[in-house]
Every structure is written in C-alpha cells, then in structure tokens.
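Down below is the structure, laid out as structure tokens.
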2 protein chains.
Amino acid sequence: MRAVTLKDIARETGFHVSTVSRALDPRARSALTDEVVQKVAAAAERMGYRPNRLAAGLRTKRTRTVGLVIPDITNALFPPIVRGVESVLEPLDYVSIIVNTDSSRDRERSQIGVLLERGVDGIIHAAVERDDPFIGDLERQKVPFVTVNRALDHSAAPAVVNDDAGGIREMMKLLVEQGHREIAHIAGPQRLSTGVERLAAFRAAAEAFGISVPEYYIQRSDLLVETEGRRCAEALLSLNRPPTAILAANDRLALGAFEAIADLGLDCPGDVSVTGFNDNEFLRLIPPGLTTVRVDKLGAGRRAAEVLIGLIDHPETAPDPRTVLPVELVRRGSVAPPRTGALEAQKRPGVA
Amino acid sequence: MRAVTLKDIARETGFHVSTVSRALDPRARSALTDEVVQKVAAAAERMGYRPNRLAAGLRTKRTRTVGLVIPDITNALFPPIVRGVESVLEPLDYVSIIVNTDSSRDRERSQIGVLLERGVDGIIHAAVERDDPFIGDLERQKVPFVTVNRALDHSAAPAVVNDDAGGIREMMKLLVEQGHREIAHIAGPQRLSTGVERLAAFRAAAEAFGISVPEYYIQRSDLLVETEGRRCAEALLSLNRPPTAILAANDRLALGAFEAIADLGLDCPGDVSVTGFNDNEFLRLIPPGLTTVRVDKLGAGRRAAEVLIGLIDHPETAPDPRTVLPVELVRRGSVAPPRTGALEAQKRPGVA
DNA sequence: CGGCGTGAAGTTTGCGCTAACGTCACACGG
DNA sequence: CCGTGTGACGTTAGCGCAAACTTCACGCCG
C-alpha cells in the first residue's frame, strides 16, 4: 500500500507535479486558476493524499517540529507545561518531540543531539542548569531556543520564568504576619536558577521584614525530590533552636518536610509551618494542605512556545530576553501562627 | 552555519559520498578497510557531522519515529507509560511524537493524521475506544500499531492490557473478607474496554462470592474524572439502602467518591469503604489512603513498545495478540469492615 | 597463464517535495 | 503592429542520504 504522492495526483489530473504542489499550498494557490485548484483538491481528497512532511522538510529545511527538553515527564510540574506548549504549536501545524534528561548532563547532551538530528526548528528547554555547557553549541549553530521555568546565568537566550522573587516575598510576608520569626529555608539545588533566585529572594525578603536568618537555617538540597526535603527538614528540626516555619523552594521538598515532621512526632502546622512552591496537582488533597505559590504552568509553556515561534519566524528581530510570569499565593492548612516556646519545650527531653 | 553533510566529509577525505556513508553505517562498515573507516570517522568527528535523519528517512521509508496517542499527558496515568515506552525506544534510536486527543474523536482523527504525515513507523495507542473508527484506516494502510491499557472490540490488533478481571476479583475478595455484602460499583465509560471489562469482572466476582448486586448499585460514569465519581457516589449514597462499599473502576472516580462522602458528612472507611484502580502517584498521601489495584504503567509502556518494534521489524510474524500484565492489590486505609446498620440508622432521618 | 571470483571502492539513481526558472499565449499601450 | 508585461502553467534541479549497480584490481585455481 504505497502512499499517494504529488506525482500520482499529477498523473491522475494531467497537471504537472509542481502545479499540483502549488494547488495544494495555500500560499501558492493564488497563482493558479480556480478550476485547477478545484480539480487537484478533489483528486487529492479522492485519492487520500497525505503530504510527506519529511520530503518537504528536506527541501525547505523547516520541519515544523520543535524539541522539548524536560527533566522528567513523570514529574507533575511538566505535563501542564507541555500542554501549554502544544496549545500554541498544534494550531500552527507543529509537533513536538519530548526528551527526558533525568537531570543528567550526559543524557541532556545526547538528547539534544537526537533533536538536532531530527532537524527540529527550535528547542524549548525546561531542564537547563545555570551554566549549561551544551547551550553554547546551540547558539553557535543558530538553533532557536528558549528556556522555560529556569534560566541560564550568562546568556542572552530568551527565558520564560516565574516571578520567583515575588512569590517568595509574598510567602515570607504571610509567615511574618502569622507571627513567625524563626524561619528556615530548604533551598533548591544551587546549580539551578530557581535554586539561587529563591534563596536570594528569601534572604532579601527576610531582611526587608527585619528577620535575621542564621546560616544554619538554610539547608541546600541536591535534588528537587521528597527525600531531599526530608533530609533537610530533619536537619533543621534537630537544631537546638528549630525554626517555627520552613519555607521550601518547591512543593516536593515541602512534601519531604511533611514526612520529616511526622517522623519526629511533630505536627504541621501546630509545631512547624511549611510552605512550598509551584502548586502541583493533588496538593490540596494532601493534609494539612500545603500553602504554596501557584505558578502558571500552562501559561509558561504557552509563552515559551510563542517566543520560540517568534524566534523561528523572525530570526532577525530580537525577542523579549525574559518573560516573568506572575505567581499567586495559595493558602491552605500548612501555615499557622507559631506555638511560642512549645516546640523547644517538647523537643528538649527527646533529642540529644 | 550550514550543517555538515556526507558530501562535506567526502570532499575533505577524498573518498566518495557513498564510501563515507558506508563507513559511518555500522552495518555496511564491514565492506570497507579499517583505514578508510578510521579516516572517515575521524573527519566526521572533527567536522561535527550529524546525520540528517530526514534525508535518511526519505530514502529508507523508515523514520525511527513512533507516534504515541494518549488522552492527556496531564493525566497522571500516562507519564509513566510514556517513560516505559521511551525506555525501550531510546536505546533503539527511536523518538516518539506524543499527541493528546482529549478524548475527542475529532482530535484523535486529526492527530493520527499528523502522525501519518510525519511518517511514523508505528503507533502506540493509549486512547482507543472499543469501536474506534480510525483504526480501520491504520490497518488498511498497514501501519504497525498496538493499543496499551485499553483494547479494541473487534480487531486482531495487538493489545497490552492489565489484568482487569484479576484486579477486580482480588478487590472483591478483600471487601467480602472484610464483611461487606452491599457492594456498589462506579463503572467506567462503557465505550472503553476497561469500563466494560471491569464491570463484567465486578458482576462475575460478585456472583462467585455469592453477593447479589441490584442494578441500582451500578452507576456508570461518562468520563474518568473526579466529578463523575462524585456524581455517581452521591447517587449511590442517596439510596434508601446505600452500599457499605464502593468499588470504583479507577482512582479518579474513587477520589470523587471521597469528596461525595465528605460532602454528605460521612466517613471513609467508617461509613463506606472505597476502592480504586491504577494506583496513581501521591495516592498514598491522600487520606484515608485509597486501597487500589496497582497496574504496572512503566511495564505496560515498555511492553507496548516491544510489541510495536516487533511489528515494525518483523511484519510477517504474527505478534502476541494480547499481553495481560499482572496487577497487585495495594491495601491502604479506605477499606474497613462495615459498621453494620450504623449507616442506615444515621441516614434515615436526614435523607428523603 | 587466462578467466573468474571477490573485495573495495566509485557512480548513479531516486525517495517526495518545493522553489527558481522557463515558456507560452494573450492583452494592452504607444 | 510590435514590444512587453503578466498570468498560468511546465521544467529542472537538488535537499541528504542509502541502495543498487558498476568498475577495477588482485589473487587464486585449474
């Protein structure tokens, strides 16, 4: 069952292949008489013609394919971003090829390689590290690309990010208003822009609110996973003077903190308040309900795709180097006023 | 910055393009002297050669691309299936193009169309309905394809499914052992194979355990979403003789039942036990912990990819028409023995 | 010692498509 | 009445690659 080609339609209709090609191309159609266009369209329809994008791509050097580099599609943060991207790409007749890096540089390199072999017209990168070493290659090869959610340190590459600083500030404000003064931070990995941004914002906000944060109130996680959140929270809660609130750099770290709190026989928010970042799905169903910062995942994906398309269609015009998406505080049960002194009193006998 | 082609390497090394092509092709390499292979490989490396898969695909009619049709990547069931698929595809140098149907037939048709235009070597379909009308076309065009998770009604197409019947039976056994006799079912949409399979299994298991199930204990959902689960559960709990256990056809329906139970001021598992199917992530964190049937999502994706590759590489040999993956009961807090008579006593005064 | 198999390379072709270019007829203005 | 523009279509080339086919030299065997 060979596929129907332009040549077949040409034979059938008696026109030349290139006439058929034009008749089927909305942009070139105007150069032809209506009669020809009608006949060709009818024949194409009747014969079940389906354009071969590969051949067209080979000729035009445009595949209408974009690469989407993410750490792991299994991570609830990314599917909505993907849908956002596709919501703008699909109407434009693009498809995306998604690759997972599993946060491994080796995998990132090879996966970007497969995207390039496939001739993607551009890349949306949701897994960059601040000093990503493979990005230079892309820039040198003039492959249009955008980063989402995260940004590069020294690069003019357009980035679509969330208002990390604003979100952290809001959160700090809430905690302070609730009466907290001993506020700790579980920072994200410092090789990610979100990790350093949120940590810096944490420090800045603390200072703005007149809260002093000792260094040991800042725990750096190595990965954005629950186990790391748990480890960091355990360290914080084992301090002689444990914090009354833990502001985590993301939801998964916060979920890990929940576990640590439960393990130590403590209560959230009774003994410790906890906050997150991102507002992943299902969070509202998990007690006591994580107070967090909602980021617009769909919007981020959408915007990234728009920027990328701009880059592809108008390579000369400089794009917005940076889009900062607004965030929104979501209050749930994990924040309450501190129970003054209660935590220390309770802990002293138990812990060495 | 034009990409390096075989021709460039040929000019550089003095060999002919086809010699270069062979030197770079592991299968054809053996026909060349080591010296040539070495030189070509070195030049390719040095010049940063990257094969153009489009051109190769145009020539060979093999794109090493598969299409992955899913309802919605945002649905937690699918990312692990996707990873499973890619875990076998990636080492074979394939990529996948994922399309979301949003359970719409129009979208499904057009999305399958874009996959075909892209010349995918095969399709893994995780969104089929029992009488899917577009599948006939695929079979006629001899496009290799497999269904995952769901199956077609009248088709020889290979399917990778879970042991729905076994899972339901196990679940029924558990409920009966716990002392339940009034067991209701929130069935999945009957246009999906899982919907009818699980309903049939529910009836069969009930009979096997000597449980009689009145028709009004079976509520059919229209979509596999929480709101539908809630609607169905409300209907069941508003009966004069409400069930003591609700066996839902999937986790999301069960989560909806949780909501309905809470809304009615009832307690799970105190007043009603609830069970699900699939074992989506994060379920363990949602109280009281859904007792459910764990399906091997990664394994399903993996198996589907293996079957598809078999179909692609050996079109003549008939594949296993059906792979049934084992499932596992996961006990959590949502099932407890019925509080005999308590529910009725409590409800009578309140509900008409 | 001649023919022939074989190994190692080169030549050619064409996958399906698009874009640059060519042709031809007709209309229109000076 | 002829040149020239223009509209409508045909011709050609080539994107990058792989596979079929060709060439050529060498060695071996009868």
Side-chain angles (χ1 to χ4, degrees), chain A residues 1-41 43-44 47-65 93 116-121 141, chain B residues 1-41 43-44 47-65 93 116-121 141:
Chain A
M1 182 69 98
R2 233 190 69 267
V4 179
T5 71
L6 288 184
K7 205 196 280 181
D8 298 323
I9 302 182
R11 197 182 319 109
E12 184 82 3
T13 58
F15 296 111
H16 195 269
V17 249
S18 86
T19 305
V20 175
S21 172
R22 271 184 292 233
L24 262 19
D25 177 357
R27 292 197 329 282
R29 192 141 50 207
S30 58
L32 266 36
T33 53
D34 277 0
E35 197 204 334
V36 174
V37 173
Q38 294 295 330
K39 280 190 184 166
V40 170
M47 301 171 72
Y49 174 69
R50 220 187 278 284
N52 182 332
R53 301 249 172 213
L54 246 72
L58 182 59
R59 184 70 234 258
T60 61
K61 313 255 173 217
R62 287 279 301 273
T63 53
R64 292 188 109 65
T65 303
D93 224 19
L116 261 21
E117 286 184 3
R118 302 287 173 160
V120 294
D121 293 338
Q141 294 181 46
Chain B
M1 183 70 99
R2 234 192 65 268
V4 179
T5 70
L6 288 184
K7 206 195 280 180
D8 298 323
I9 302 181
R11 198 182 319 109
E12 185 81 4
T13 58
F15 297 111
H16 195 270
V17 247
S18 85
T19 306
V20 174
S21 172
R22 273 184 290 234
L24 261 21
D25 177 356
R27 292 197 327 283
R29 193 141 53 207
S30 56
L32 267 36
T33 54
D34 276 2
E35 196 203 335
V36 175
V37 173
Q38 295 294 330
K39 280 191 182 164
V40 169
M47 302 170 70
Y49 172 70
R50 221 186 278 283
N52 181 331
R53 301 252 173 209
L54 247 73
L58 183 59
R59 185 68 236 257
T60 61
K61 312 255 172 218
R62 286 280 301 271
T63 54
R64 293 188 108 65
T65 304
D93 225 20
L116 261 20
E117 285 184 5
R118 303 287 173 159
V120 294
D121 293 338
Q141 293 181 47

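Per chain, numbering begins at 1; letters A, B, ... match sequence-line order.
An OP1 or OP2 oxygen of dG16(D) is reached within less than 4.0 angstrom by no side-chain nitrogen or oxygen of Ser21(B). Close to dT11(C), at under 4.0 Å from its OP1 or OP2, lies a side-chain N or O of His16(B). Regarding contacts with the backbone of dG14(C), every side-chain N or O of Lys7(A) stays at 4.0 angstrom or more from both OP1 and OP2.
Atom CZ in Arg11(A) sits roughly 11 Å away from atom P in dG16(C) (whole-Å rounding). Distance CG (Asp8(B)) to C1' (dC15(D)): 13 Å, rounded to an integer number of Å. Going from atom OH of Tyr49(B) over to atom P of dG16(D) covers 10 Å, rounded to whole Å. Distance Leu58(B) CG to dC17(D) P: 12 Å, rounded to the nearest Å. If you take CG of Asn52(A) and C1' of dC15(D), they are 13 Å apart, rounded to a whole angstrom. The CZ atom of Arg64(A) sits 15 Å away from the C1' atom of dC17(C) (whole-angstrom rounding). Across the protein-nucleic acid pair, Glu117(A) atom CD and dC17(D) atom C1' stand 13 Å apart, rounded to whole Å. Rounded to an integer number of Å, the gap from CG of Leu6(B) to C1' of dT11(C) is 15 Å.
Along DNA chain D, the nucleotide nearest Phe15(A) and the nucleotide nearest Thr60(B) are compared for position; the residue whose nucleotide lies closer to the 5' end is Phe15(A).
Ionic pairing of Asp8(B) and Arg11(B) is present here: one or more N-O contacts between side-chain nitrogen and carboxylate oxygen are shorter than 4.0 angstrom.
Remark: Asp25(B) CG to Ser18(B) OG distance equals 11.5 Å, nearest 0.5 Å.
Although no hydrogens or angles enter the test, the distance criterion places a donor-acceptor pair under 3.5 Å between the side chain of Arg29(A) and the main chain of Ala23(A).
Taking 4.5 Å as the limit, every side-chain heavy atom of Asn52(B) sits out of range of all side-chain heavy atoms of Thr5(B). Between Thr19(A) and Thr13(A) the shortest side-chain heavy-atom distance does not fall below 4.5 Å.
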Just the table, please: protein N/O against nucleotides 20-24 of chain D N/O, every pair under 3.5 Å.
none

Quick one: do Leu58(A) and Arg59(B) satisfy side chain to side chain contact (heavy atoms under 4.5 Å, CB included)? Show the steps, please. CA-CA 11 Å; Leu58(A) 182 59; Arg59(B) 185 68 236 257; over 6 Å; no

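Among the atoms of the strands shown, only primed sugar atoms or phosphate atoms (P, OP1, OP2) are found under 4.0 Å from some heavy atom of Val36(B).
Arg118(B) and Thr65(A) share a donor-acceptor pair across their side chains, judged by distance under 3.5 Å alone.
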